[in-house]
Every structure is written in C-alpha cells, then in structure tokens.
Amino acid sequence: MTAPRTWPLVLRLGTAQTLAWGSTYYLPALLARPMADGLGLPISQIWIAFTVALLASAALGPFAGRAIDRWGGRPVLMGTNVLFALGLACLSQVQGSTSLMLAWLLIGMAMGSGLYEAAFAALVRLQGTQARAAITGITLIAGFASTVGWPLTALLEAEFGWRGACLAWAGLHLLVGLPLNASIPRAAALPEPSRAVEADAPAALPHTPPPRHTAWILSYVFAATWFISTAMATHLPQLLVASGATLAGAVAIGALVGPAQVAGRMLEFGFLRRLHPLLSARAAALAHPVGVACWMLFGPVAGSAFALLHGAGNGILTIAKGTLPLVYFGPVGYGQRQGIMMAPSRVAQAFAPLLFGLCIERWGSGALWISGGLGLSVLAALLWLRTGAPKPTI
C-alpha cells in the first residue's frame with residue numbers, strides 16, 4: 001500500500017477525534033448534574049443512560065469495523081458525524097427518562113463507529129502496516145480532548161445552559177467534524193483476498209500465524225486497561241480526597257493525567273517506536289501498579305507521582321490498542337477484528353464507574369489495590385505473548 005502524506009491526514013483525523021471524544025465521552029462529567037437537575041431526575045439516571053451508550057457502542061463496533069474494511073474510513077466517519085450531531089441535538093431536547101435513553105442510544109451508536117477504533121481502522125485501510133506512526137499521531141492530538149472539551153463544555157453551559165451546550169457540540173460536528181472526515185482520502189478498492197495477503201505479507205505478519213489465544217489475551221488486556229482508565233477518569237479526585245488531600249489539591253493532581261498521557265505518547269512516537277509495540281506495552285502496563293505502590297507507601301504526597309505514572313502508561317497503552325492487533329494479525333480484516341476485540345472494552349468502560357465506585361465506598365483509597373492488581377494482571381498477560389520472529393523479506 002502506498003501511504004498518502006501522513007501529517008495532513010493525522011492532523012485532520014486527530015482534530016476530528018478530539019471533537020468526537022470531547023463531545024461524548026467527556027460530556028457527562030460536566031453536564032450530568034445540570035441535566036439531572038433540569039429534568040428532575042436522579043443523577044444516577046444520567047449515568048445509566050451513558051452506560052447504555054457505551055454498551056451500544058460495543059455492539060456496533062464490529063459492524064463498523066467491517067464497513068471500514070470494505071469501503072474505507074471516509075464514508076463511515078462522515079456518517080458518524082451526522083449521527084453524533086443528531087444524537088446531541090436530540091439530547092438537547094429531551095424531556096424525560098425515555099427520550100434521554102433514546103438520545104444517548106443514538107450517541108452510543110455514533111461512538112461505536114466514530115472513536116479511536118474506527119480512526120485506527122481507517123488509517124490501516126489507507127496505510128497498511130505503515131500506520132503505527134499515524135496511529136500514535138492521532139492519539140497525541142486527541143489526548144487533549146478533555147483539556148479542550150471540559151473548558152469548552154463549561155463555557156457553553158454557563159452561557160447557554162446544558163441544552164445549548166449540546167446543540168453547540170452538534171453544530172461543531174456538522175461544521176468542523178464532517179468537513180475534516182470528508183477530506184480523508186478515499187480508500188483504494190480491495191484486491192482479491194489472496195492477493196491482499198500476498199501484498200501485505202512482507203511486513204504485515206510473522207512468518208507463522210499467532211497462536212489462537214493471542215486475540216483472547218489482547219481482548220482481556222484492552223478491557224482491563226480501559227476499566228482502569230475509566231475508573232480513574234471518574235473517581236481519581238474522590239480517591240485523592242479519601243486519602244486526605246484537599247479538593248483543590250485533588251483537582252490539581254488530576255489535571256496532571258492529561259499532559260502525562262500526551263508525554264507518554266510523545267515517548268512512544270520518539271524512542272519507543274524503535275521497539276516492538278509489545279515491549280512498550282509491557283513497560284506501560286507496569287506504570288499504574290508502580291503508581292499505586294507509591295501512593296500506598298507515601299500517601300497523598302505521592303498523588304502527583306501516581307497521576308504522572310498512570311497518565312503516561314495509559315497514553316502508551318491507548319496506542320498499543322491500535323498497533324498490537326496490526327502487528328499480530330496484519331492489515332487484512334483489521335477493522336472488523338479490532339471491533340470484535342474492543343467490544344469487551346466498551347462493556348468494561350460501561351460498568352467501571354459503578355463497580356469501582358462501590359469499591360471506593362467499601363474500602364476507600366484501598367480500592368487502588370484492585371486497580372493495581374488488575375494492572376499487574378495486564379502485565380502478566382502481555383508477558384505471555386511473544387514478539388515473534390520477523391518475517392523474511394520477499
């Protein structure tokens with residue numbers, strides 16, 4: 001495959017992904033309470049609706065991946081901008097729990113075909129085995145989704161209310177996101193399956209197929225890391241306060257996670273790109289457990305170290321979710337395979353806030369032992385995999 005000029009494509013897709021994440025995944029953090037108050041519903045109802053959206057995204061992911069494999073990312077991602085806009089517009093008009101669920105269901109369908117997995121599949125469809133650097137570039141840009149999204153959502157809500165904020169995000173999908181995704185190059189027609197394998201064979205796959213358990217291990221790794229990431233995104237300030245930090249200090253420490261994620265991705269883009277992605281994923285998987293150990297040993301004073309370690313590790317692991325399936329299975333059928341392997345991750349994301357919240361209620365900051373143990377299980381799973389011998393060139 002001949003890759004188009006990489007950086008213009010990365011910039012467009014990265015900006016579109018920043019919009020997609022900022023207007024959906026990071027939206028309830030600031031609008032859940034205003035929505036609940038405005039609709040006269042318990043805030044738990046908002047989070048239940050968000051859980052429904054994540055479950056819908058898990059169900060739709062494999063079908064979206066298959067569509068990208070067949071037609072390329074351009075039409076699919078353009079369609080998700082329209083669906084995002086429709087869902088957010090409907091959310092701005094909800095009057096009760098039923099319409100709330102339906103609006104979030106629409107948004108969840110768009111999330112299943114418009115977030116990282118779809119963007120990664122679009123890149124692989126265009127660039128084949130050369131997509132690793134571009135995948136890293138997209139996550140580098142979209143790592144600022146919360147940094148951009150939260151202040152913008154707060155500003156819009158303060159000026160126009162939560163309904164106006166949802167409408168504004170819907171408009172941005174049509175005015176910004178849709179043109180950006182429309183500018184993605186069209187994917188070339190797929191060759192015959194046998195020829196596709198031959199074309200990508202020199203760099204796509206090891207000389208022997210990966211063991212059957214590889215896909216199962218990667219699915220577990222992705223689900224566990226997304227559980228940890230979502231749990232920390234939801235509950236980190238609460239954990240810090242439970243450990244004795246002030247609320248202002250907790251917010252300041254939590255703000256370090258985003259820059260640390262970007263720093264980790266820059267490290268992957270620079271030094272770590274020379275290594276097999278499995279090796280960088282193993283190092284990243286260790287970061288969260290080490291941060292937990294620092295926190296438990298030294299208390300809130302180590303909160304900053306925890307945030308930096310967790311953020312950097314999570315940033316690198318986000319890239320691994322795109323590159324490891326490419327390395328082990330190659331670009332042929334990447335989108336559908338990625339959708340299937342990431343479906344458990346969406347389910348883990350959906351239930352992480354509730355389950356980890358229950359752990360905090362029972363054990364306080366001791367709940368970190370749960371996330372730390374889960375992180376160690378990810379490392380153990382990655383150690384089970386092998387980098388594999390490189391395929392001889394033909």
Side-chain angles (χ1 to χ4, degrees), residues 17-58 80 83-112 114-116 142 144-158 160-170 172-173 226-239 250-251 254-255 257-258 345-358 360:
Q17 282 295 296
T18 302
L19 171 60
W21 282 93
S23 62
T24 57
Y25 185 77
Y26 292 107
L27 199 67
L30 290 179
L31 295 189
R33 173 57 64 188
M35 283 182 187
D37 292 343
L39 295 171
L41 297 172
I43 194 169
S44 60
Q45 194 75 23
I46 310 299
W47 290 109
I48 290 172
F50 184 58
T51 298
V52 168
L54 291 173
L55 293 175
S57 74
T80 61
L83 197 54
F84 275 132
L86 179 61
L88 287 162
C90 290
L91 187 61
S92 73
Q93 302 302 314
V94 299
Q95 300 298 325
S97 59
T98 301
S99 55
L100 176 73
M101 290 291 180
L102 291 175
W104 273 109
L105 183 61
L106 282 174
I107 294 172
M109 293 171 63
M111 292 169 72
L115 295 182
Y116 273 149
F144 291 100
S146 61
T147 306
V148 174
W150 279 341
L152 183 54
T153 297
L155 177 63
L156 291 170
E157 195 275 331
F160 308 109
W162 66 269
R163 295 183 186 274
C166 292
L167 271 178
W169 279 118
L172 286 173
H173 274 284
W226 266 123
F227 182 95
I228 295 170
S229 174
T230 305
M232 293 301 107
T234 308
H235 295 294
L236 181 55
Q238 181 183 351
L239 279 168
V251 171
V257 173
S345 301
R346 295 297 186 202
V347 177
Q349 280 183 290
F351 291 102
L354 172 63
L355 294 178
F356 201 71
L358 293 174
I360 294 173

Participant: Is a donor on one side and an acceptor on the other found under 3.5 Å between the side chain of Ser57 and the backbone of Gly108?
Facilitator: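 No; judged by distance alone, with no hydrogens or angles, the pair does not exist.
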Participant: Show the nearest heavy-atom pair for residues Tyr116 and Ala142, with the distance to one decimal.
Facilitator: OH-CB, 3.3 Å
Participant: Give the intermediate values and the outcome of side chain to side chain contact (heavy atoms under 4.5 Å, CB included) for residues Leu172 and Leu152.
Facilitator: CA-CA 12 Å; Leu172 286 173; Leu152 183 54; 4.3 Å; yes
Participant: Looking at Leu31 and Trp162, what are the two nearest heavy atoms and their distance?
Facilitator: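 What the structure gives for the nearest pair is CD2-CB, 4.0 Å.
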Participant: Would you compute the distance between atom CG of Leu55 and atom CZ of Arg346 and round it to the nearest 0.5 angstrom?
Facilitator: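 Answer for the CG-CZ pair, Leu55 versus Arg346, is 11.0 Å.
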Participant: Would a 4.5 Å heavy-atom cut-off, applied to side chains only, mark Leu106 and Cys90 as touching?
Facilitator: yes
Participant: Starting from the C-alpha separation in whole Å, work towards a yes-or-no answer on side chain to side chain contact (heavy atoms under 4.5 Å, CB included) for Val94 and Met101.
Facilitator: CA-CA 9 Å; Val94 299; Met101 290 291 180; over 6 Å; no
Participant: So which heavy atom on Leu115 is nearest to which on Ala20, and how close?
Facilitator: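 That closest heavy-atom pairing would be CD2-CB, 3.8 Å.
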Participant: How many angstroms lie between atom CE of Met111 and atom CG of Leu83, to the nearest 0.5 angstrom?
Facilitator: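 Met111 CE to Leu83 CG: 11.5 Å, rounded to 0.5 Å.
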Participant: Would you check if there is a donor-acceptor pair between the side chains of Trp169 and Ser92 at a distance under 3.5 Å?
Facilitator: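 No donor-acceptor contact under 3.5 Å links the two side chains.
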Participant: Could you name each residue pair satisfying salt bridge (Lys or Arg N to Asp or Glu O under 4.0 Å) that touches residues 22-49, not counting sequence neighbours?
Facilitator: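 Output for this query lists Arg33-Asp37.
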Participant: What heavy-atom pair brings Leu156 and Ala168 nearest, and what distance separates the two atoms?
Facilitator: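 Looking at all heavy atoms of both residues, the closest pair is CD1-CB, 3.7 Å.
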Participant: Any chance you could measure Met109, atom CE, to Leu86, atom CG, to the nearest 0.5 Å?
Facilitator: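 Here the interatomic distance stands at 9.5 Å.
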Participant: Return the CG to CD distance between Leu54 and Gln349, rounded to the nearest 0.5 Å.
Facilitator: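 Rounded to the nearest 0.5 Å, the CG-CD separation comes out at 5.5 Å.
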Participant: Please confirm whether the backbone N or O of Ala36 pairs with a side-chain atom of Gln45, one donor and one acceptor, at under 3.5 Å?
Facilitator: no
Participant: Report the distance from atom CD1 of Ile46 to atom CG of Leu39, rounding to the nearest 0.5 Å.
Facilitator: 6.0 Å
Participant: Evaluate the side-chain proximity of Leu354 to Trp47: yes if any heavy-atom separation is below 4.5 Å, no if none is.
Facilitator: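 Answer no - side chains too far apart.
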Participant: Below 4.5 Å, heavy atoms only, C-beta onward: do Met232 and Val257 meet side chain to side chain?
Facilitator: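 No, side chains not in contact.
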Participant: Where do Leu27 and Ile107 land on the side chain to side chain contact (heavy atoms under 4.5 Å, CB included) test, with the steps shown first?
Facilitator: CA-CA 11 Å; Leu27 199 67; Ile107 294 172; 5.7 Å; no
Participant: State, yes or no, whether a side-chain contact exists between Trp104 and Val52 at a heavy-atom distance under 4.5 Å.
Facilitator: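 Sidechains of Val52 and Trp104: no contact.
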Participant: If you apply the rule side chain to side chain contact (heavy atoms under 4.5 Å, CB included), what do you find for Leu167 with Leu91, and how did you get there?
Facilitator: CA-CA 8 Å; Leu167 271 178; Leu91 187 61; over 6 Å; no
Participant: Does Leu30 reach the side chain of Glu157, with side-chain heavy atoms less than 4.5 Å apart?
Facilitator: no
Participant: Minimum heavy-atom separation for Ala56 and Leu105, please, with both atom names.
Facilitator: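 Closest approach of Ala56 to Leu105: CB-CD1, 3.7 Å.
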Participant: Using a 4.5 Å cut-off on heavy atoms from C-beta on, say whether the side chain of Met35 contacts that of Cys166.
Facilitator: yes
Participant: Can you tell me how the ring of Trp21 sits relative to the ring of Tyr26, calling it parallel under 30°, perpendicular over 60° and tilted otherwise?
Facilitator: tilted
